[in-house]
**Q** 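Let me give you the structure first, and then I'll get to my questions.
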Amino acid sequence: MKLTLKLLAASTLLAFGLGAQAAPLVIKYSHVVADVTPKGKAALKFKELAEKKLPGKVEIQVFPNSQLFGDGKEMEALILGDVQIIAPSLAKFGKYTKQLQIFDLPFLFNDLAAVDRFQASKEGVALLNSMEKKGIKGFGYMHNGMKQLSANVPLGSPTDAKGLKFRIQASDVLEAQFKAVGGNPQKISFAEVYQALQTGVVDGTENPWSNIYSKKFHEVQKYIMESNHGVLDYMVIGNAKWWAGLPPDIQKGLSEAMAESIKYGNKAAFEEDVDFRAKVIADNKAKVLPMSKEHLDGWRTAMQPVWKKFEGEIGKDLIDAALRANK
Ligand code: LMR
C-alpha cells in the first residue's frame, strides 16, 4: 500500500512537476509558393527567429507549396483557426475587403519601390488594420515583385491578347484587366497553374520572376514579356482571436520575429528578382522578350478603363495616394 502511494506521488510529480515542461505552442504558417521565393524565405526566417526569441515556448511549423491549404482554402482555414498565419497575395482578399483591390490595378505603380512607399503611407497602414472585425489581423505587407506576362505567342500590341485564355488569381480586377484586351481570363488556384499551362487549359498568365522560375512556368510557356504591368505582393495575416488570446511575452516575441522576417523577405524580393529573371533566361526554355514603350503604352491605354470601373469600390482618395507614391 505504502509503495503504491509512493509510486503514485512520484508519477504525479513527474507529470505535473519536475519533468513536465509545458509543451511549446504550435503555430502553423501556411503558404502556396516555394521555399526559395521571397515569401518562402520569410516564412522560414520567421520560424528561425521566433523559436530563437521564445526558446521552448513556440514551435513554428511552416507548410510551403500549398501542402496544408491551397489558396482556395487558406483564408477560410485561418478564420476557422485551422492555421494561425498565412500570407496570401493581395489579389486574394476580395471577399474580405474591396479596398485591397487597389494593388491589382494595372500600370498603377511604376515599380516595387513605389509599392513600398504606398504600403508605408498612412493609407497603406490603415488597410493593414482594416479586417480586424472580420477576424483577420494584418501583420505586415510583404513583397514579391512586378508581374510579367507570359503566353505561347509573343505579345506585342494589346490586340495580340485577343481570344487568348489567361490564368488569373481570384481577383475581379485582374479579370477586368484581361477582358480589357479581349482576353478570356480564368480564375485558377496557384497549385494548378503549371498543369493548366502544360495541358493548354489556358494560353498564358502573369506572375513575378520568382514564381515563374520556382514553379517552372517558363518550361510550359513559349514567351515571357517583360511587361512589369502590375504588382504581386502579400499581406501576412493571422487569426485575430488567436492573436488577442496570446500572452504578452509571446505576442512580443512573435511581433519582433514577424517584423524582422518581413524585412528579410522584402530585401530578398528587391535583390533577387534579377537573379530569377537571369535563371529563366539561362534555362532557355521560354523566350524572354522586352516590350517597347510604344507597346506598353498601348496596353496601358487599353487597360485604363479598369481603374474607373473599380474606383467606386476602392476609393479615389486611395488611388490618388498610390499615384503620389510613384514620385
Ligand atoms: C498566384 O496565385 O499566382 C500567387 O498569388 C501565388 C503567390 O502566393 O505568390
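Note that this is a predicted model, so its numbers are computed, not measured. Ligands are counted one by one from 1 in listed order, and the atoms in each one are counted from 1 as well.
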**Q** Test of understanding: with side-chain hydrogen bond (donor to acceptor under 3.5 Å, both in side chains), list the residues that count as partners of Glu313, not counting sequence neighbours.
**A**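 Listed in chain order: Gln101.
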**Q** Tell me if the aromatic rings of His31 and Phe63 count as close, with their centers under 6.0 Å from one another.
**A**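 Ring centres of Phe63 and His31 not closer than 6.0 Å.
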**Q** Return the orientation label for the Trp243 and Phe139 ring planes: parallel under 30°, perpendicular over 60°, tilted otherwise.
**A** perpendicular
**Q** Would you please write out the protein residues whose heavy atoms approach any atom of ligand 1 to under 4.0 angstrom, listed by chain and number?
**A** Val32, Val33, Lys39, Asp71, Ser89, Lys92, Arg167, Gln169, Phe190, Asn207, Asn211, Leu232, Tyr234
**Q** Specify whether Phe178 and His229 have parallel, tilted or perpendicular ring planes, treating 30° as the upper limit for parallel and 60° as the lower limit for perpendicular.
**A**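 The arrangement is perpendicular - the two ring planes meet at more than 60°.
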**Q** What class does the angle between the rings of Phe103 and Phe109 fall in, given that below 30° is parallel, 30 to 60° is tilted and above 60° is perpendicular?
**A** parallel
**Q** Whether the Asn144 and Tyr234 side chains hold a donor-acceptor pair (N or O, under 3.5 Å, no angle test) is what I'd like checked.
**A**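 A pair is found: one side chain offers a donor N or O, the other an acceptor, under 3.5 Å apart.
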